Amino acid sequence: MPERTPRKDAARNREAVLAAADALFARCESPEDVTMAGIAAAAGVGKGTLFRGFGDRAGLLRALYEARLEPVRQAAETGPPPLGPATPPQERVPALLDAVLCFKLDNRRLALALEEDGSSSPYRAEHYERWHSLLRAVLEQIPGLTGSDFTAHALLAATRADLVEHLAGAEQVPRERLRSQLADFVTGVLASGPPQGRTAGT
């Protein structure tokens, strides 16, 4: 029984840290404004607790991002239509990308901070590889569509955090217009099929 107390404390501290970081990112002007010291102070823990629990700022960002993304991930992997596996692929691809865009819009500062962290390539991030793998698999189910690996990368590029921040922030494009434009773009890609005179693999 005594061994459970440190574990409970660690779990409680982790929840407090993630909640504090979440709140700070939600109201910050720039991702750079959110520091490890600021998160520790807001959570009521020492900086050492953050580094022991998450390794560094990038590790904390990844943990928070994954925690926020979990409901979307579950809906995409095991949920009902339009995100879940029972959805026809022509409908599921736009729905998945719309979910990614909405998540980025709802978590603009956090998504931007994670993308700009620079500790590794964003294309090697676990969440990116998961979305790319899922999109590629769904694209492979669409008759006549070739190059699913590249197409998945290209479609996800339209939801990059820096692009979303530029469009929603600097250009002040309304949320619903962004969603509509993405839907039109995805529909166009899916309708284009293989180029004339080209075959798969060429």
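Scope of the values below: all heavy atoms of this structure, side chains included, with no hydrogens, waters or symmetry mates. All of these numbers come straight from a predicted model, not from anything done at the bench.
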As an exercise, state the distance from [atom1] of [X] to [atom2] of [Y], rounded to the nearest 0.5 Å.
X: Asp106; Y: Leu101; atom1: CG; atom2: CG; answer: 9.0 Å
X: Asn13; Y: Asp9; atom1: CG; atom2: CG; answer: 6.5 Å
X: Leu60; Y: Ile39; atom1: CG; atom2: CD1; answer: 5.0 Å
X: Glu165; Y: Arg160; atom1: CD; atom2: CZ; answer: 13.0 Å
X: Thr146; Y: Glu140; atom1: OG1; atom2: CD; answer: 11.0 Å

So does [Y] get a backbone contact from the side chain of [X], meaning a donor-acceptor N/O pair under 3.5 Å?
X: Thr187; Y: Ala183; value: yes
X: Glu115; Y: Ala161; value: yes
X: Asn107; Y: Phe103; value: yes
X: Ser133; Y: Arg130; value: no
X: Ser180; Y: Glu176; value: no
X: Lys47; Y: Met36; value: no
X: Arg62; Y: His127; value: no

Check the pair Gln181, Asp184 against side-chain contact (heavy atoms from CB on, under 4.5 Å), reporting the backbone distance first and the verdict last.
CA-CA 5 Å; Gln181 289 176 330; Asp184 290 344; 5.6 Å; no

Are the side chains of [Y] and [X] in contact, using a 4.5 Å heavy-atom criterion?
X: Val72; Y: Trp131; value: yes
X: Pro88; Y: Gln141; value: no
X: Leu64; Y: Phe54; value: no
X: Leu145; Y: Pro89; value: no

Could you state whether [X] and [Y] fall into the same hydrophobic cluster, counting links through intermediate Ile, Leu, Val, Met, Phe, Trp or Tyr residues with side-chain heavy atoms under 4.5 angstrom apart?
X: Leu18; Y: Leu112; result: no
X: Val164; Y: Val186; result: yes
X: Val173; Y: Leu105; result: yes
X: Leu182; Y: Leu83; result: yes
X: Leu134; Y: Leu69; result: yes

Show your reasoning for whether salt bridge (Lys or Arg N to Asp or Glu O under 4.0 Å) applies to Asp33 and Arg27.
CA-CA 10 Å; Asp33 295 340; Arg27 61 174 183 261; over 6 Å; no

May I have the step-by-step check of side-chain contact (heavy atoms from CB on, under 4.5 Å) for Glu129 and Glu126, ending in yes or no?
CA-CA 5 Å; Glu129 291 182 344; Glu126 182 180 352; 5.6 Å; no

Non-hydrogen atoms of Ala152 and Leu139 that approach each other most closely
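Where Ala152 meets Leu139 most closely, the heavy atoms are N-CD1, 3.7 Å.
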
Taking atom CZ of Arg177 as the centre, report whether more than 12 heavy atoms of other residues, nucleotides or ligands fall under 6.0 Å from it.
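No, CZ of Arg177 has 12 or fewer neighbouring heavy atoms, counting only those of other groups under 6.0 Å.
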
